[in-house]
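Note that the numbering runs from 1 along the sequence shown for the chain. Side chains included, hydrogens not; waters and symmetry mates left out as well; all remaining heavy atoms used.
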Amino acid sequence: MKISKVLDLYKMFSSIESMDDASKATRKLQDFLDVDGVAFVQLSICADNRININQVISSDFGVNDRNIEWSTTYQKNNFQYIDPVITCSLSHRKPFNWKSIPSIIGLDKKQTDFLGIAGEMGLKEGASIGSLNAKQISSELSITSVYGTSLNQEQLAVLELINEVSCKPLSKLVNPIDKLTPRELEVLAWSAEGKSSWEIGIICSISERTVKFHFKNIYQKLGVQNRAQAIVRAIKHDVI
């Protein structure tokens, strides 16, 4: 395995700024690992145990008719709640081959049946690595997967590296937001501390009217309608 090629992959994933960048990097990783497909999946794990699929970026992962059918079935049946890859990624911080899942976590009948159905759809052998980023409101789980073959230890190490470096750039692509000004960040940060518009005005030495003006711009940039939504969105994207 050439270190120079691994470094090239590292640079590509760490500098992702668009979906086009992400697609090119994903294809590069697929070629490097010599696998049938690569997928990056980002999910939100909510406090009430809801699991939301926020984004999927893939290269030859689910492009044939059988896998398109599988993707539809997966979403329709909310399989993210029983998918052993997700369960394993939440509890296991190291990359793993799918064949080893039964030895890592205990599978119930639904999960065993799930693996059987996935295998029939062509997703029988592969590898994954998950990274959990805990937030104040929810946690973000980023999973990098390959399919078509199991990986050796060197390849699993590369998969782990790419998962780690790609989490933040890919997360920003889920719902990109405009950059807030230093004053807008300050106003929003104080709001997250529970301060009122009047209190923020006193702290920042500006009028209450100016504070409300800043919030109007913040709502527009973050695509939200109120302060609570703005705070949640900002925390989710590491803005504050």
Side-chain angles (χ1 to χ4, degrees), residues 1-45 53-64 67-68 70-71 83-86 88-101 104 118 122-135 139-179 236-239:
M1 181 177 293
K2 293 185 177 180
I3 298 299
S4 60
K5 290 188 176 181
V6 176
L7 290 175
D8 287 342
L9 282 169
Y10 182 94
K11 292 176 182 177
M12 287 187 73
F13 279 98
S14 62
S15 61
I16 287 174
E17 295 182 348
S18 67
M19 290 300 295
D20 186 53
D21 290 342
S23 296
K24 290 178 180 178
T26 303
R27 175 70 69 178
K28 194 78 172 179
L29 179 61
Q30 178 184 353
D31 293 340
F32 179 77
L33 294 177
D34 192 23
V35 293
D36 292 341
V38 176
F40 293 89
V41 182
Q42 292 194 322
L43 310 98
S44 293
I45 313 298
I53 301 175
N54 297 329
Q55 182 187 59
V56 178
I57 298 175
S58 67
S59 173
D60 292 340
F61 210 110
V63 297
N64 59 47
N67 285 343
I68 291 174
W70 170 243
S71 178
D83 187 341
V85 170
I86 293 177
C88 200
S89 296
L90 281 168
S91 61
H92 195 63
R93 297 275 69 86
K94 293 294 182 180
F96 55 90
N97 285 310
W98 295 349
K99 286 185 174 181
S100 66
I101 289 178
I104 298 174
L123 300 174
K124 186 175 183 178
E125 195 171 357
S128 298
I129 168 68
S131 177
L132 189 65
N133 185 15
K135 304 284 187 177
S139 296
E140 186 178 80
L141 177 64
S142 301
I143 301 176
T144 303
S145 296
V146 301
Y147 89 97
T149 184
S150 295
L151 302 183
N152 60 37
Q153 290 303 312
E154 284 189 339
Q155 292 171 321
L156 287 172
V158 172
L159 195 69
E160 182 175 12
L161 174 66
I162 295 303
N163 178 263
E164 180 179 352
V165 74
S166 66
C167 285
K168 195 167 185 178
L170 292 179
S171 178
K172 291 181 179 180
L173 293 181
V174 177
N175 289 301
I177 56 178
D178 293 329
K179 186 177 180 180
K236 181 178 179 181
H237 290 275
D238 293 322
V239 174

**Request:** Decide side-chain contact (heavy atoms from CB on, under 4.5 Å) for V56 and I53; before the verdict, give the C-alpha distance in whole Å, the side-chain angles of both, and the deciding distance to 0.1 Å.
**Result:** CA-CA 8 Å; V56 178; I53 301 175; 4.0 Å; yes
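- Few gaps surround CZ on F32; more than 12 heavy atoms of other groups in view lie less than 6.0 Å from it.
- Separating the CG atom in L9 from the NZ atom in K28 is a distance of 7.5 Å, to the nearest 0.5 Å.
- Nearest heavy atoms, V85 versus S128: CG1-OG, 3.5 Å.
- Note that CG of N97 and CG of N152 are 9.0 Å apart. Values are rounded to the nearest 0.5 Å.
- In this structure, Q30 and D36 approach most closely via the heavy-atom pair NE2-O, 3.1 Å.
- Screening residues 14-24 for side-chain hydrogen bond (donor to acceptor under 3.5 Å, both in side chains), with sequence neighbours left out, gives S18-D21, D20-K24.
- Heavy atoms only, all atoms of each residue included: E125 and S150 are closest at OE2-OG, 2.9 Å.
- The distance from atom CG of D83 to atom CD1 of I101, rounded to the nearest 0.5 Å, is 7.5 Å.
- Other residues, nucleotides and ligands place more than 12 heavy atoms under 6.0 Å from the CG atom of D8.
- Counting all heavy atoms, side chain and backbone alike, N163 lies closest to G130 at OD1-C, 3.9 Å.
- For the pair E140 (side chain) and S131 (backbone), a donor-acceptor distance under 3.5 Å is absent.
- The CD1 atom of I162 lies 7.0 Å from the CZ atom of F40; values are rounded to the nearest 0.5 Å.
- In this view, F96 satisfies the ring pair (Phe, Tyr, Trp, His ring centres under 6.0 Å) rule with no residue, not counting sequence neighbours.
- Crowding of E164 atom CD: a count of heavy atoms from other residues, nucleotides or ligands under 6.0 Å not exceeding 12.
- Taking each heavy atom of I16 and A25 in turn, the nearest pair found is CD1-CB, 4.3 Å.
- Closest non-hydrogen pair, L170 versus Q42, comes out as O-OE1, 3.4 Å.
- To the nearest 0.5 Å, atom OG of residue S58 and atom OH of residue Y147 are 9.5 Å apart.
- Note that CD1 of I104 is 7.5 Å distant from OG of S91, once rounded to the nearest 0.5 Å.
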